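What you see below is based on every heavy atom in this structure, not just the backbone, and it leaves out hydrogens, waters and symmetry mates. Quick note on labels: first sequence line is chain A, next is B, and so on, each numbered from 1. As the structure is a computational prediction, the values presented were derived from the model and not from experiment.
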Protein chains: 2
Amino acid sequence: MSNTPIPTRERLIEAAGKLFYGEGIRAVSMDAVADKAGVTKRTLYYHFRSKDDLIAAYLETRDQPNLALFRRWFAETEGGLAEKVVGIFRHLAQSARHPKWKGCGFLRTSVELVNLPGHPAMKAARAHKQRAEQWFAEVFEEAGIARELSQQLARQVVLLMDGAFAVVLLHRDASYMEAAGDAAARLVRDTEQRQLG
Amino acid sequence: MSNTPIPTRERLIEAAGKLFYGEGIRAVSMDAVADKAGVTKRTLYYHFRSKDDLIAAYLETRDQPNLALFRRWFAETEGGLAEKVVGIFRHLAQSARHPKWKGCGFLRTSVELVNLPGHPAMKAARAHKQRAEQWFAEVFEEAGIARELSQQLARQVVLLMDGAFAVVLLHRDASYMEAAGDAAARLVRDTEQRQLG
DNA sequence: TGATGTATACCGACCAGTGAATATACTCAA
DNA sequence: TTGAGTATATTCACTGGTCGGTATACATCA
């Protein structure tokens, strides 16, 4: 029976992620991250060149799991295209009801780094949002919607989702997420109509 | 000929506002605000009990002018209800193209204060967003849309707008604001349809 | 023995907030 | 009208604490 082989670097990113997501990157010190990981600050700086490096690593680990959830929620929801999109928003609303939920880590980090557009974490955030938009576009196209309409619709659905992330966080009221889901469904149906007509 | 009688307090809020909006509240020190205002830090603390006080004052001064712009843009745009809503988004897109534009100060501040829900600045941000939503709802109702549908539509338009604030800031691409305007117009027309049907 | 990883202890910069003294402007009695 | 007294407004210099990051030495293992 071998020891649990959790690589140190992963553990550090995980500890940092919890703190960064929970309190915001500027509100969390490297000392706090080291404490949380049960490690000296010097060790932290052995594995990451700087705080900025650690922030970037934190966001990069969040990209894939996030999109995987969308895929699963979409697949699991019964019904037509609009219903399946609503399913994603319903699951997001459910997540948002958890007290530890603090919105979208990508969006919040990008707000904190607003004047550093070249920061690797900003690039990670942009890439993530673009991947989400592209995934929606592909889904719509596979459902028979023309490419151009699919891309437009995907962009608008993502806008609704990000708006809901911000507003739900502000008001601490997950029902805004369901209002966003309803709006997304209306846009999907409107696009389907346009496709037929 | 009297001297220009600009009250000190106002000047301090203005200087603070420029820095807070431009760089974020956590990134700006009280020393920086004092310097910007051409005043000693001690003077700053004579007029404001704490940095939190100053942050709250900054947001409170931004509430009314912001809504006034919406009213003007809406009134100035020719066309039906959907077109007039699109007019607001077009003006927002135009603003967003200015290099000093940094999204919505209310939303960005609320992200930086995510763990202080009782902070006066958070209350100001919530109040502002609610007033915007309510204004849209009144406009829709005056245009003949039923109260319940108006409230739902207003909420969804605000979601699109806030999503666009976040996404335009992330990608530094104002065309997302126009995509949001298009989505809003589609929702307006869909609601009008539903009203007639 | 040399590469990898961790610990102790520290640094200079910055930051929110303050103590004590001073300057300015207003009030009111002589 | 003037001068003393008072409230307002501002300055200089400072503090205790935190922050990102580091110099150095010690441990472990191939």
Checklist outcome for this item: Heavy-atom nearest pair, A:Met122 first then A:Leu116, reads CG-O, 3.4 Å

Next on the checklist: I'd like to know if the side chain of B:Arg186 pairs up with that of A:Thr191 as donor and acceptor (distance under 3.5 Å, no hydrogens or angles considered).
Outcome noted: yes

Next on the checklist: I'd like to know if B:Glu142 pairs up with B:Arg147 as an ion pair, taking the criterion as any Lys NZ or Arg NE/NH1/NH2 lying under 4.0 Å from an Asp or Glu carboxylate oxygen.
Outcome noted: no

Report, one pair per line, the protein and nucleotides 9-13 of chain D atoms (nitrogen or oxygen only) whose separation is under 3.5 Å.
residue, atom, partner, partner atom, Å
D:dT10, OP1, B:Thr8, OG1, 3.3
D:dT10, OP2, B:His47, NE2, 2.7
D:dT11, OP2, B:Thr40, N, 3.0
D:dT11, OP2, B:Thr40, OG1, 3.0
D:dT11, OP2, B:Thr43, OG1, 2.7
D:dT11, O5', B:Thr40, OG1, 3.0

Checklist entry - Can you check the A:Tyr45 OH to C:dT8 P distance for me, whole Å? => result 18 Å

Next on the checklist: Tell me which residues in residues 20-30 of chain B lie within less than 4.0 Å of DNA chain C, going by non-hydrogen atoms.
Outcome noted: B:Val28, B:Ser29, B:Met30

Next on the checklist: Before we go on, tell me: are the rings of B:Phe140 and B:Trp135 under 6.0 Å apart, centre to centre?
Outcome noted: no

Checklist entry - CG of A:Leu44 versus C1' of C:dG5: gap in Å, rounded? => result 13 Å

Checklist entry - Is A:Asp162 paired with A:Lys129 through a side-chain N to carboxylate O contact shorter than 4.0 Å? => result yes

Checklist entry - Rounded to whole angstroms, how far apart are CG on A:Leu19 and P on D:dC19? => result 12 Å

Checklist entry - Can any side-chain N or O of B:Gln152 pair as donor or acceptor with the backbone N or O of B:Leu149 at less than 3.5 Å? => result no

Item to check | Rounded distance [0.5 Å steps], CH2 in B:Trp73 versus OG in B:Ser95 | outcome: 4.0 Å

Item to check | Gap between atoms CG and P, on A:Asp31 and D:dT22 respectively (whole Å) | outcome: 14 Å

Item to check | Interatomic distance where CZ belongs to B:Arg9 and C1' belongs to D:dT8 [whole Å] | outcome: 15 Å

Next on the checklist: For B:Asp52 and B:Ser50, which I'm curious about, is there any donor-acceptor pair between the side chains at under 3.5 Å?
Outcome noted: no

